[in-house]
Participant: 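One structure, as structure tokens, below. Some questions next.
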2 protein chains.
Amino acid sequence: MGRVRMSDVAARAGVSTATVSMVLSGVNTARISPQTQQRVREAAEAVGYEPNSVARSLRTQQTRLVGLVSDTIATTPFAGRMLAGANDVAREHGRLVILVDTEGDVGAERQALQALSGQQVDAMIYACMWHRVVEVPADLPEDAVLLDCAPATANRAAVVPDERAGGMAAVRELVAAGHRRIAYLDAEERFDLVASRLRREGYLQVLAEAGIEPDPFLHARAEPVAGGGRAAARRLLDLPAGRRPTAMFCFNDRMAMGAYAAAHQRGLSVPDDLSVVGYDDQQLVAAELDPPLTTVALPHYEMGRWAMEVALGLREADPAAPHLMPCPIVRRASVGPPPAQFGD
Amino acid sequence: MGRVRMSDVAARAGVSTATVSMVLSGVNTARISPQTQQRVREAAEAVGYEPNSVARSLRTQQTRLVGLVSDTIATTPFAGRMLAGANDVAREHGRLVILVDTEGDVGAERQALQALSGQQVDAMIYACMWHRVVEVPADLPEDAVLLDCAPATANRAAVVPDERAGGMAAVRELVAAGHRRIAYLDAEERFDLVASRLRREGYLQVLAEAGIEPDPFLHARAEPVAGGGRAAARRLLDLPAGRRPTAMFCFNDRMAMGAYAAAHQRGLSVPDDLSVVGYDDQQLVAAELDPPLTTVALPHYEMGRWAMEVALGLREADPAAPHLMPCPIVRRASVGPPPAQFGD
DNA sequence: TTGAAAGCGCTAACAG
DNA sequence: CTGTTAGCGCTTTCAA
């Protein structure tokens with residue numbers, strides 16, 4: 001790679017390497033005569049000089065490299081957005097990111113952390129593929145920032161989606177359309193999802209605000225995949241007419257996909273007979289459904305940006321509590337007014 | 001980060017840094033007395049020494065870093081698998097990967113390439129988010145390997161999916177089930193997808209092998225998303241009974257999703273009335289459909305591994321032609337025999 | 001069997 | 001305004 005060194009440029013321009021260094025990195029540039037600067041630049045251009053960042057890093061003790069370690073970030077469909085967010089701000093600020101995927105293996109994680117610290121990265125981000133609380137690894141630097149996960153004990157900068165507010169937005173959408181019998185197709189407790197609890201809190205709060213008594217029968221739980229959503233939706237749709245929901249808020253888009261299937265099997269149409277709201281805004285699901293699904297987006301890109309911004313010191317973070325990133329509602333076509341006989 | 005240096009270890013062990021270097025990196029280890037080695041190791045442990053890779057890299061001219069630049073790798077749902085494959089072999093061989101996402105911007109790409117070369121990466125991979133042929137950037141090193149794309153002109157090591165064989169496998173599956181009227185729901189030509197052409201070749205070849213005259217009416221084209229698939233499938237299903245397909249090979253899983261929808265609207269069941277095979281094996285689509293979709297998997301993980309292996313010199317590549325990675329068929333439940341009246 | 005010494009390519013005081 | 005010089009932390013001859 002970089003065959004030609006700074007001394008080559010210096011020789012050709014008839015100056016010292018110190019001068020070359022200054023003009024090329026734009027430091028103390030005011031003190032160097034314009035002619036010299038010009039000569040240096042031309043010489044650099046002529047010999048095809050490219051600075052050697054390794055040497056520079058050794059000297060300056062700054063690598064402009066940031067480490068991003070994750071459990072399985074690359075494998076999940078959302079993860080890309082987080083990466084994109086982090087990468088974008090890194091690029092905007094001349095940083096490069098070293099990505100390490102530990103696949104949830106603790107040994108690999110320790111190794112990765114050591115390798116990154118050996119590589120003298122300037123900053124570090126610790127990312128999870130889904131929102132959860134983590135036991136922070138002992139050898140994670142103090143100033144690392146957590147992405148899509150909250151620290152179990154240690155105080156760390158962290159960012160997670162505001163699931164509670166997202167749940168509220170989803171249910172408000174339904175309430176605003178006139179629904180009163182709104183089911184929540186939740187994930188089963190055994191999955192121990194923090195999102196599940198938070199979204200449910202949002203659901204209950206909006207019901208309360210709207211003066212709707214929560215009906216325990218309308219809180220269904222299933223495996224958070226299409227099959228689970230279908231089964232749960234079927235049970236709900238089998239409820240006697242007066243107790244049957246006119247709308248379903250689903251824990252995620254996949255369950256919503258199942259809800260669609262259940263409705264169609266019953267000969268019900270979305271949104272005329274049943275309104276549905278999902279969560280995640282999963283490309284290739286939400287937008288591809290028929291009708292396109294109204295859902296709540298997980299702010300992966302924004303969280304990625306935020307994490308990188310605080311990692312680079314571009315933004316302050318409160319280490320006492322995770323930053324809550326808003327989850328915007330994405331309105332498509334799966335919400336309508338309740339069927340006439342339920343109207344008020 | 002690495003506060004403590006090798007000289008600290010040396011001081012504590014009462015030896016020179018040269019000795020420390022040798023024992024810690026296992027070089028010339030035979031020439032150093034076991035006692036000394038022991039002392040050095042203990043000292044290193046005691047002071048918590050961690051080698052500084054930047055200094056080492058400067059000295060050895062080897063960074064053990066590999067650059068992975070892509071157009072939008074992180075944003076697409078498949079991309080993660082390529083990353084995972086590449087990352088896994090990197091990890092297995094003590095390499096770290098720097099990921100740069102250029103978002104298709106040529107300027108950003110040049111910058112990234114320069115930054116990586118300045119960073120003295122030992123190897124480079126140039127990845128695309130979908131199979132296509134690319135004009136190789138001028139400043140991409142000669143020994144970079146192309147991932148999921150083929151070079152337009154230059155001879156480069158490259159790996160792409162064997163789409164043709166994949167198309168054959170898909171259609172063979174249908175032929176083996178007894179189908180003779182097999183449609184191909186293709187992407188429109190304006191998208192200029194190399195996969196589209198190759199899969200079609202596979203489709204035609206298997207038809208030929210089976211002695212089936214291709215019916216031009218059964219080659220439908222649409223936008224390669226669920227909506228397009230649905231529209232195309234509807235048109236096909238509207239054909240008179242004798243000309244109507246009993247099976248559909250879809251360009252991708254999303255179109256297959258649309259085919260399902262069209263079938264259901266017609267009151268047709270998959271696979272009893274209509275068999276469907278997709279392509280991509282897109283998680284969250286293929287497996288979540290009802291019934292689960294038989295499809296052809298894109299070998300992203302394997303391609304990622306392959307690319308990293310040749311990048312690290314672990315494997316030879318023929319620069320004259322891209323390596324074709326097999327696309328395995330994934331049998332689920334969307335293929336059955338043709339309905340009785342079409343049986344032979 | 002071990003140590004001294006010379007850099008890898010660059011930056012940053014300090015002189016001039 | 002520009003050059004000299006002294007390292008950054010490590011590896012690797014060469015000498016002892």
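Lettering follows sequence order; numbering is per chain, from 1.
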Participant: Can you spot which of B:L193, B:D192, B:D71 makes a side chain to side chain contact (heavy atoms under 4.5 Å, CB included) with B:R132?
Facilitator: B:D71

Participant: By nearest atom, which of the nucleotides D:dG3, D:dC10, C:dT11 is closest to the A:M6 side chain?
Facilitator: C:dT11

Participant: For DNA chain D, what residues of residues 33-44 of chain B have any heavy atom nearer than 4.0 Å?
Facilitator: none

Participant: Under a 4.0 Å N-O cut-off, is there an ion pair linking B:D105 with A:R91?
Facilitator: no

Participant: Describe, as an angle rounded to 10 degrees, how the axis at the first end of the helix from C:dT1-D:dA16 to C:dG16-D:dC1 is tilted relative to the axis at the last end, five pairs per end.
Facilitator: 40°

Participant: Sequence neighbours excluded, which residues qualify as side chain to side chain contact (heavy atoms under 4.5 Å, CB included) partners of A:S53?
Facilitator: B:Q119

Participant: Tell me, please, which residues at least two apart from A:R59 pass side chain to side chain contact (heavy atoms under 4.5 Å, CB included).
Facilitator: none

Participant: For A:R41, check salt bridge (charged side-chain N to carboxylate O under 4.0 Å, His left out) against everything at least two apart and list the hits.
Facilitator: none

Participant: Specify the residues of residues 57-66 of chain A, ordered by number, for which at least one heavy atom lies under 4.0 angstrom from an atom of DNA chain D.
Facilitator: A:L58, A:R59, A:Q61

Participant: What parts of residues 18-28 of chain A reach DNA chain C, counting only heavy atoms under 4.0 Å away?
Facilitator: A:A18, A:S21

Participant: Given atom CZ of B:R56 and atom C1' of D:dG9, what is their separation to the nearest angstrom?
Facilitator: 11 Å

Participant: Just to be sure I understand the rule, does B:G14 reach a base, reach only the sugar-phosphate, or reach nothing, if contact means heavy atoms closer than 4.0 Å?
Facilitator: sugar-phosphate

Participant: Can you tell me the distance, in whole Å, between the CD atom of B:Q120 and the P atom of C:dG9?
Facilitator: 9 Å

Participant: Checking B:S21 now: which residues fulfil side chain to side chain contact (heavy atoms under 4.5 Å, CB included) with it, not counting sequence neighbours?
Facilitator: B:M6, B:S25

Participant: Going by the rule side chain to side chain contact (heavy atoms under 4.5 Å, CB included), which residues pair with A:V47 if we only count those two or more places apart in sequence or in a different chain?
Facilitator: A:V4, A:V9, A:R12, A:Y49

Participant: Side-chain polar contacts of residues 151-161 of chain A - donor-acceptor pairs under 3.5 angstrom, sequence neighbours left out - could you list them?
Facilitator:
from, atom 1, to, atom 2, distance (Å)
A:R156, NH1, A:P141, O, 2.5
A:R156, NH1, A:E142, O, 3.2
A:R156, NH2, A:L140, O, 3.3

Participant: May I have all residue pairs that pass side chain to side chain donor-acceptor pair (under 3.5 Å) and include part of residues 314-328 of chain B, sequence neighbours excluded?
Facilitator: B:E309-B:R315

Participant: Pairs of donor and acceptor atoms involving the side chains of residues 124-131 of chain A, under 3.5 Å and at least two apart or interchain, shall be tabulated with distances.
Facilitator:
from, atom 1, to, atom 2, distance (Å)
A:Y126, OH, A:E109, OE1, 2.8
A:H131, ND1, A:E163, OE2, 2.8

Participant: Has the side chain of B:N52 got a donor or acceptor atom that lies under 3.5 Å from a matching backbone atom of B:A55?
Facilitator: yes

Participant: Do B:Q120 and B:S57 get their side chains close enough for a donor-acceptor pair, meaning under 3.5 Å?
Facilitator: no

Participant: According to a strict under-4.0 Å criterion, is B:R31 in side-chain N/O contact with OP1 or OP2 of C:dT1?
Facilitator: no

Participant: Roughly how many Å is it from CD in B:Q119 to C1' in C:dG9, rounded to a whole number?
Facilitator: 14 Å

Participant: With a 4.0 Å cut-off, would you call B:D122 and B:R64 a salt bridge?
Facilitator: no

